[in-house]
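Structure first, commentary second.
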Amino acid sequence: MYVVIGATGHTGRVVAEKLLAKGEEVRAVGRDAKRLEPLKQKGAEAFLADVTDTGALTKAFSGAKAVYAMVPPNMSAPDVRSYQERVNDALAAAIEKSGVQYAVVLTSIGADKPDKTGPVVGLHNLEKKIGAVAGVNALNLRAGYFMENILPQVGVIQAFGNVGGPLRADLPLAMIATRDIGAFAAEALLKLDFQGKRTRELLGARDVTYAEVAKIIGAAIGKPSLSYMQLPAAQLKPALTQMGMSSNMADLLLEMSESLNSGYMKPLEPRSPQNTTPTTLETFVAEYFVPAFRGKAARA
């Protein structure tokens, strides 16, 4: 049996659905029974648990062959690091107590660094804590920059007429669709062909700059002259908190942006067929961004 943490999230849902489609037994862990219902309909066992609760996770992991472990984002947490460490401790303790033999762990590019990478520091610590559990074979998936991060640009374009953010316009980013992360993780769980503690980066279809992002979005929404503007942190922080982020989360995201801009946080593996995934930014924009943009325009 497989246990999937964050089973209603971007990557966890894909992992659970792919495993169920192969006829595997899946225990889907989440906080919201209603959101777990579609997976239950497909044959999963819905398991309600708070990811910071070691006892509940130990029970969830009991009898499992392998787990998909990740830290569900908590954008409004007043102290993000403290939340992350509570989840990290609960996951590592539950893996140890339940005797799970395999874990596929979602982390991030930059998780090799112990500091200055904003929320990714918490994922560095997650790798370390699960890595310290004796007897578990762990595969850390260090994913690139989520394509889903561009979706808030729908509102930015409609309010200001351009794409804007903290990153350099010319910074190449390994952008990946979360569905590709979920598909890769499910495949790794089905194969279980990793031993000891391993790391694999996932870099998306190709590197893309935000200048290119603006061009691709512009072509897709009929605004060919759409451009990208790098904005100062002081201007961005109020916008981030207005979106529902805590002040602490906004600060950490801006710290991460600085580390990306400076090159401190970057992929370590050269691009290869093994770490390249299929969904292009053009496909993502057509399938997700354009409908979101049109939907918001229709409501306005």
Side-chain angles (χ1 to χ4, degrees), residues 4-18 68-73 75 104-113 117-120 122-124 126-127 139-154 163 165-168 170-189 198-217 220 228 253 256-257 259-261 263-292:
V4 178
I5 295 293
T8 60
H10 284 306
T11 62
R13 183 180 48 76
V14 176
V15 173
E17 285 174 351
K18 297 261 183 205
Y68 175 66
M70 49 93 70
V71 181
M75 296 294 186
V104 171
V105 186
L106 176 62
T107 70
S108 167
I109 297 299
D112 54 298
K113 303 287 193 295
T117 59
V120 178
L123 304 179
H124 168 86
L126 176 64
E127 287 190 1
L139 174 63
N140 299 315
L141 298 183
R142 290 184 182 167
Y145 186 91
F146 289 3
M147 288 181 186
E148 281 74 4
N149 291 340
I150 71 169
L151 291 174
Q153 296 293 337
V154 165
V163 175
L167 295 173
R168 288 186 359 237
D170 63 348
L171 177 72
L173 293 164
M175 279 200 186
I176 187 164
T178 54
R179 67 183 183 192
D180 289 355
I181 301 168
F184 189 98
E187 198 59 31
L189 287 163
R198 294 285 175 86
T199 297
R200 157 55 39 90
E201 290 184 348
L202 293 178
L203 305 180
R206 70 179 194 278
D207 289 1
V208 191
T209 67
Y210 255 103
E212 289 172 277
V213 169
K215 277 204 181 93
I216 292 164
I217 292 173
Y228 174 78
L253 275 186
M256 180 180 81
S257 301
S259 284
L260 285 164
N261 282 335
Y264 176 70
M265 180 177 165
K266 61 174 192 261
L268 302 179
E269 296 177 16
R271 184 174 284 283
S272 69
Q274 286 70 41
N275 60 28
T276 295
T277 53
T279 306
T280 62
L281 187 66
E282 286 83 352
T283 300
F284 179 85
V285 166
E287 292 181 12
Y288 294 94
F289 194 93
V290 172

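One-based numbering along the sequence shown.
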Could you walk me through whether Y68 and T11 pass the side chain to side chain contact (heavy atoms under 4.5 Å, CB included) test, one step at a time?
CA-CA 10 Å; Y68 175 66; T11 62; 2.7 Å; yes
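The two residues A185 and V104 have their closest heavy-atom pair at CB-CG1, 4.0 Å. Between D207 and P172, the shortest heavy-atom contact is CB-CB, 4.0 Å. Here the closest heavy-atom approach between residue I150 and residue V213 is recorded as CG2-CG1, 4.3 Å. Of all non-hydrogen atoms in I181 and A143, the two that sit nearest each other are CD1-CB, 3.6 Å.
Looking only at distances, a side-chain donor or acceptor of S272 sits under 3.5 Å from a matching main-chain atom of Q274. A donor-acceptor contact shorter than 3.5 Å is absent between the side chain of E201 and the backbone of N275. Checked by atom type and distance alone, the side chain of R13 never pairs as donor or acceptor with a backbone atom of G182 at under 3.5 Å.
Remark: K113 NZ is packed, more than 12 non-hydrogen atoms of other residues, nucleotides or ligands lying under 6.0 Å away.
Residues passing the side-chain hydrogen bond (donor to acceptor under 3.5 Å, both in side chains) test with T279 are R179, D180, sequence neighbours excluded.
A salt bridge is defined here as a Lys NZ or Arg NE, NH1 or NH2 lying under 4.0 Å from an Asp or Glu carboxylate O, and E187 with K18 fails to meet this definition.
Note: Y210 and Y228 have parallel aromatic rings, judged against thresholds of 30 and 60 degrees for the angle between ring planes.
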